[in-house]
Protein chains: 2
Amino acid sequence: MHLDEPMGIFSKTCEYAMRAVFYIAQKSEEGQKVGIREIALHINSPEPFLAKILQKLSKDGLILSSKGPNGGFYVDSGGLQRPLADIVRAIEGDSIFTGCGMGLSYCSESNPCPLHEDFKKVRGQIVVMLQNTLIGKFNEGLIAGQLTLNK
Amino acid sequence: MHLDEPMGIFSKTCEYAMRAVFYIAQKSEEGQKVGIREIALHINSPEPFLAKILQKLSKDGLILSSKGPNGGFYVDSGGLQRPLADIVRAIEGDSIFTGCGMGLSYCSESNPCPLHEDFKKVRGQIVVMLQNTLIGKFNEGLIAGQLTLNK
DNA sequence: TAAATAAAAGATAAAAAACTCTTTTATTTA
DNA sequence: TAAATAAAAGAGTTTTTTATCTTTTATTTA
């Protein structure tokens with residue numbers, strides 16, 4: 001019913017995605033592409049599972065990739081300016097931004113559930129956070145080694 | 001990867017728990033105990049699954065129960081004054097209040113991850129919301145029929 | 001053009017969450 | 001005290017999420 005440790009706000013899939021994209025962004029700023037093995041190592045995620053996630057982000061155009069030697073994942077300068085919200089939305093869908101906190105399907109602006117207004121505020125703040133956090137936001141800190149993305 | 005509808009902030013288990021407790025609180029205010037069947041019906045949850053959830057809440061002392069005819073679940077006047085946070089904590093554990101948004105286990109006040117401060121604000125607001133929402137908060141609205149807890 | 005590299009894709013497996021069913025125990029009331 | 005009621009408890013099942021393994025395709029460079 002409630003266990004050892006999990007349960008943040010986001011799924012593990014989404015957590016891996018966020019960490020991976022920050023890592024890729026850092027390497028891109030340094031002018032390098034980076035392979036899955038290295039990413040997985042540095043953000044502490046299972047490599048094949050991460051591969052799936054990055055494939056999806058790549059297909060959605062949120063990150064770029066190239067095959068072959070010296071290939072790997074990267075983002076261009078436009079990508080560095082994208083908000084983290086794009087990543088979360090690609091993985092979790094819209095419902096985290098819009099769904100009812102109590103899971104009521106009827107709940108909406110015009111027919112709100114008891115907690116609707118309170119949840120709206122919380123969600124608003126999550127959206128602000130995810131919109132304000134650009135993918136390249138932590139590059140300096142990461143490059144300088146003041147920040148890490150591994151467990 | 002991302003599906004038809006789910007993914008709120010809380011698990012379904014937790015959503016059912018919140019809705020059920022609001023419903024029980026309403027009935028308790030009206031002086032009635034209420035059986036699982038009726039609760040499940042009114043909050044739109046699978047009855048046997050809900051039974052498990054209520055058993056846990058009951059064991060934790062967050063709601064009360066009595067067996068036999070005219071038995072059922074209820075809360076006393078003290079229970080009506082409890083915050084919703086108690087319910088959520090019983091189901092989800094503490095991590096939703098304290099865990100790292102990016103799933104980093106090292107992340108803490110003294111060794112924060114890149115998003116630590118932003119997440120702290122969001123979590124603070126969730127806590128405020130859950131602490132300010134007392135279990136009996138919506139009784140009038142529910143009794144008057146202005147609010148519902150079903151899908 | 002061959003060898004090496006790296007992502008893409010597909011198929012499976014394990015773990016957790018959500019859900020169901022059956023039996024037992026306690027309580028009430030007729 | 002017997003019958004009815006309702007929660008408690010235990011033992012499954014199903015679905016979803018998380019994770020793994022294998023094969024294929026594309027690209028580069030030597």
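All values below come from the heavy atoms of this structure, side chains included, with hydrogens, waters and symmetry mates left out. Please read these numbers as outputs of a predicted model, since none were measured by experiment. Chain A is the first sequence line, chain B the second, and so forth, proteins listed ahead of strands; every chain is numbered from 1.
Pairing each heavy atom of B:Tyr16 with each of B:Ser45, the nearest pair is CD2-CB, 3.5 Å.
Transitive grouping of hydrophobic side chains (ILVMFWY, heavy atoms separated by less than 4.5 Å) keeps B:Leu64 and B:Leu57 in distinct clusters. Under a hydrophobic-cluster definition in which Ile, Leu, Val, Met, Phe, Trp and Tyr are linked whenever side-chain heavy atoms come within less than 4.5 Å, directly or via other members, B:Leu147 and A:Leu115 are assigned to the same cluster.
Note on A:Asn70: every side-chain N or O is 4.0 Å or more away from OP1 and OP2 of C:dT5. Between A:Lys67 and D:dT24 there is no side-chain N or O to OP1 or OP2 distance below 4.0 Å. Between A:Ser66 and D:dA26 there is no side-chain polar atom (N or O) within less than 4.0 angstrom of OP1 or OP2. Close to D:dT20, at under 4.0 Å from its OP1 or OP2, lies no side-chain N or O of A:Lys52. OP1 or OP2 of D:dT18 has not a single side-chain nitrogen or oxygen of A:Tyr16 nearer than 4.0 Å. In terms of phosphate contacts, B:Ser65 brings no side-chain nitrogen or oxygen within less than 4.0 Å of OP1 or OP2 of D:dA6. The shortest distance between the side-chain N/O atoms of A:Thr13 and the OP1/OP2 oxygens of D:dT18 is below 4.0 Å.
Regarding A:Phe49, its CZ atom lies at a distance of 16 Å from the P atom of C:dA8, rounded to whole Å. Between the CZ atom of A:Arg37 and the P atom of C:dA8 there is a distance of 15 Å, given to the nearest Å. What separates NZ of A:Lys27 from P of C:dA6 is a distance of 14 Å, to the nearest Å. Between A:Leu57 atom CG and C:dA9 atom P there is a gap of 14 Å when expressed in whole angstrom units. If you measure from atom CD of B:Glu47 to atom P of C:dT20, you get 10 Å, rounded to the nearest angstrom. When the P atom of D:dT17 is taken as reference, atom NZ of A:Lys56 falls 13 Å away, rounded to whole Å. Spacing between atom CD1 of A:Ile53 and atom P of D:dT17 amounts to 13 Å, rounded to whole angstrom units. Going from atom CZ of B:Phe10 over to atom P of C:dA17 covers 16 Å, rounded to whole Å.
Of the nucleotides present, D:dG10 is the one that pairs with C:dC21 by Watson-Crick or G-U wobble criteria, both distances under 3.5 Å. Both distances falling under 3.5 Å, in either a Watson-Crick or a G-U wobble arrangement, place C:dA30 opposite D:dT1.
Note on B:Pro48: a base of the nucleic acid sits closer than 4.0 angstrom, heavy atoms only. Counting non-hydrogen atoms under 4.0 angstrom, B:Ile36 reaches the backbone sugars and phosphates but no base.
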Exercise. For A:Glu117 and A:Lys120, run salt bridge (charged side-chain N to carboxylate O under 4.0 Å, His left out): C-alpha distance rounded to whole Å, both residues' side-chain angles, the deciding distance at 0.1 Å, then the answer.
Key: CA-CA 5 Å; A:Glu117 287 306 316; A:Lys120 205 164 88 176; 3.7 Å; yes
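Residues B:Gln55 and B:Pro69 each lie close to DNA chain D; by heavy-atom proximity, the contact nearer the 5' end of the strand is made by B:Pro69.
Between the CG atom of B:Leu54 and the CD atom of B:Glu47 there is a distance of 10.5 Å, given to the nearest 0.5 Å.
Residue B:Lys12 has its side chain nearest to C:dC19 when only C:dC19, C:dA9, D:dT20 are considered.
Within the 3.5 Å criterion, the main-chain N or O of B:Leu62 finds no donor-acceptor partner in the side chain of B:Asp60.
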